[in-house]
A.B. asks: 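Sharing a structure below in structure tokens format, with a few things to ask.
Each chain gets a letter, A, B and so on, in the order the sequences are listed, and its residues count up from 1. Quick caveat, the model's predicted, so the values are computed rather than measured.
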Number of protein chains: 2
Amino acid sequence: MQHTGAAPRTDTRKRVQQVALELFAEQGYEKTSLREIAERLGVTKAALYYHFRSKEDIVHSFTDDHNARLDALIDWAKNQPPGTGTRREILSRYVSTVLAGADVFRFIEQNRAAVQSLEGGKERFKLFRSRLDALVELLTGPDAPLRDHVRTTAALFATSAAIHVAGANADQDELHAIALEIAIDLVG
Amino acid sequence: MQHTGAAPRTDTRKRVQQVALELFAEQGYEKTSLREIAERLGVTKAALYYHFRSKEDIVHSFTDDHNARLDALIDWAKNQPPGTGTRREILSRYVSTVLAGADVFRFIEQNRAAVQSLEGGKERFKLFRSRLDALVELLTGPDAPLRDHVRTTAALFATSAAIHVAGANADQDELHAIALEIAIDLVG
DNA sequence: GTCTATAGACGGATAGAC
DNA sequence: GTCTATCCGTCTATAGAC
């Protein structure tokens, strides 16, 4: 019941995303050409253009989700009553969100300038920096002193540290616990 | 006693470095062309090639110092007796070193993938990541548990947070105090 | 859905005059 | 020390056959 010839390869789109994410994080977005991605997949550049309209479009295909989750978290946080409990819940959700998209997050951190140029040019999204600053603002309240801003930013950076240290194999729950503990240590 | 005509412009090399550092950090290394740098300075591309052998050479002209300082810190740290006092001294020197080269540091963070490609290709330096990991190793000791690695990495990231939050105007001493306080909170 | 072929633009780098 | 002019490579993206 099996036909001869090459398989239909209906999952090419996802394979492109996987390879692109890997190469972009490793070598950088600009330095990675579509030719290189195509070669690694055993297809041609033109094939990529069947699945994606442009190189930027590949990036958006895996950053859209991640950005939407962060925006949802920010919106949710805005409508919560201030207090220690809320603050810890925000931190916990932030850690979970970032860890869940660790691959995408790694890519963004390795290519901050490039990603900001993409998103900034089209005004399609708030910048990565704006999102982080928005969360810091919500966690500290307005007119907080410099020390609070830095400590809260460092609290969020703790998840970056966890991703930086962890290999692909690490236990998500353990990383969550470690990152959250640090964050709470810093924002009190 | 003043002559007519254009000034000799003997400081072009430094002006190139300033503009390049600014544009690289803002738009990204790859996206910034030599044409753009030259235009902003009111000279031509060819003029840049009198002062620098290549685009990469411009980068090295301001990362060499910064990397050398970090390597010196690592070497010094290797020869210190272990203990709380040494650990805090390492952290303090790290914060000072990074804050002193904040502009360069910002550039590196905005272009991690691009910078690693440059340095990795020539094996001229240890990678940025290697340097950070080396310091973490010295601060935690060998075979430390995951939690210690993450906390120590987060301690070093605190300086990144300080730079991220601070504008160009911020008080260096205040930032130093804040970043060091966080680092000590995390490594105990 | 994938291919070949190519357009069209732009980048880094060099040669040589002034 | 800066200029004009140009070479050559690579890249993104498209047209059109299969």
A.B. asks: Whole angstrom is fine here: how far is it from CD in E39(B) over to C1' in dT2(D)?
C.D. replies: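 It is 16 Å, rounded to the nearest whole Å.
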
A.B. asks: K45(A) has an atom NZ; how far is it from atom P of dA15(D), in whole Å?
C.D. replies: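 The distance from NZ of K45(A) to P of dA15(D) comes to 15 Å, rounded to the nearest Å.
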
A.B. asks: Less than 4.0 angstrom between a side-chain N/O of T12(A) and OP1 or OP2 of dT2(C), yes or no?
C.D. replies: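 Answer is yes, contact under 4.0 Å.
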
A.B. asks: Is R35(A) near enough to dC11(D) that one of its side-chain N or O atoms lies under 4.0 angstrom from OP1 or OP2?
C.D. replies: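 For R35(A), the contact criterion (side-chain N or O under 4.0 Å from OP1 or OP2 of dC11(D)) is met.
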
A.B. asks: Salt bridge between R35(B) and E39(B), side-chain N to carboxylate O under 4.0 Å?
C.D. replies: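 Answer for the salt bridge query: yes.
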
A.B. asks: Expressed as a whole number of angstroms, how long is the span from D57(B):CG to dG12(C):C1'?
C.D. replies: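 In whole Å, dG12(C) C1' and D57(B) CG are 14 Å from each other.
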
A.B. asks: With rounding to the nearest 0.5 Å, note down the distance linking CG in L139(A) to CG in D148(A).
C.D. replies: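 Output value for this atom pair is 11.0 Å.
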
A.B. asks: Does T159(B) reach the main-chain N or O of A179(B) with its side chain, forming a donor-acceptor pair under 3.5 Å?
C.D. replies: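 No, the answer is negative, given that no donor and acceptor are paired below the 3.5 Å cut-off.
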
A.B. asks: Whole angstroms only, please: what is the CD-P distance between E36(B) and dC10(C)?
C.D. replies: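 After rounding, the gap between these two atoms is 13 Å.
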
A.B. asks: Ring-plane angle category for F107(B) and F24(B), please: parallel below 30°, perpendicular beyond 60°, tilted otherwise.
C.D. replies: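 Ring orientation of F107(B) relative to F24(B): tilted.
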
A.B. asks: Checking contacts here: which listed nucleotide (dC3(C), dT4(D), dT14(D)) is nearest the side-chain heavy atoms of A46(B)?
C.D. replies: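 So the nucleotide nearest the side chain must be dT4(D).
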
A.B. asks: Just the rounded figure in Å: distance from C1' of dT4(D) to OH of Y49(B).
C.D. replies: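 Atom OH in Y49(B) sits about 16 Å away from atom C1' in dT4(D).
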
A.B. asks: Check this one for me: any side-chain N or O of Y50(B) less than 4.0 Å away from OP1 or OP2 of dT2(D)?
C.D. replies: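 Y50(B) to dT2(D) OP1/OP2: no side-chain N or O under 4.0 Å.
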
A.B. asks: Taking the six-membered ring of Y29(A), is the NZ or CZ of K55(A) close enough (under 6.0 Å from the centre) and on axis enough (within 45°)?
C.D. replies: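 Here K55(A) passes the 6.0 Å and 45° test against Y29(A).
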
A.B. asks: Just distance, no hydrogens or angles: give the donor-acceptor pairs under 3.5 Å from side chains in residues 95-106 of chain A, sequence neighbours left out.
C.D. replies:
| from | atom 1 | to | atom 2 | distance (Å) |
| --- | --- | --- | --- | --- |
| S96(A) | OG | S92(A) | O | 3.1 |
| S96(A) | OG | H176(A) | ND1 | 3.2 |
| T97(A) | OG1 | R93(A) | O | 2.7 |
| R106(A) | NH1 | I163(A) | O | 3.3 |

A.B. asks: State whether T44(A) places a side-chain N or O below 4.0 Å from either non-bridging phosphate oxygen (OP1 or OP2) of dC3(C).
C.D. replies: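 For dC3(C), OP1/OP2 do have a side-chain N/O of T44(A) under 4.0 Å.
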
A.B. asks: For DNA chain D, determine which residues of residues 17-34 of chain A have any heavy atom closer than 4.0 angstrom to one of its atoms, and list them numerically.
C.D. replies: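 T32(A), S33(A), L34(A) - these, ordered by number, are the residues of the stretch whose heavy atoms sit under 4.0 Å from the strand.
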
A.B. asks: To the nearest Å, give me how far apart CG (L48(B)) and P (dT2(D)) are.
C.D. replies: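 Rounded to whole Å, this separation is 9 Å.
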
A.B. asks: May I have the distance from K55(A) (atom NZ) to dA9(C) (atom C1'), rounded to whole angstrom?
C.D. replies: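 Taking atom C1' of dA9(C) as the reference, NZ of K55(A) is at 15 Å.
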
A.B. asks: Any non-hydrogen side-chain atom of R147(A) less than 4.5 Å from a side-chain atom of V150(A)?
C.D. replies: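 R147(A) vs V150(A): side chains apart.
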
A.B. asks: What's the CZ-C1' distance between F52(A) and dT12(D), to the nearest Å?
C.D. replies: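 For the pair F52(A) CZ and dT12(D) C1', the rounded distance is 16 Å.
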
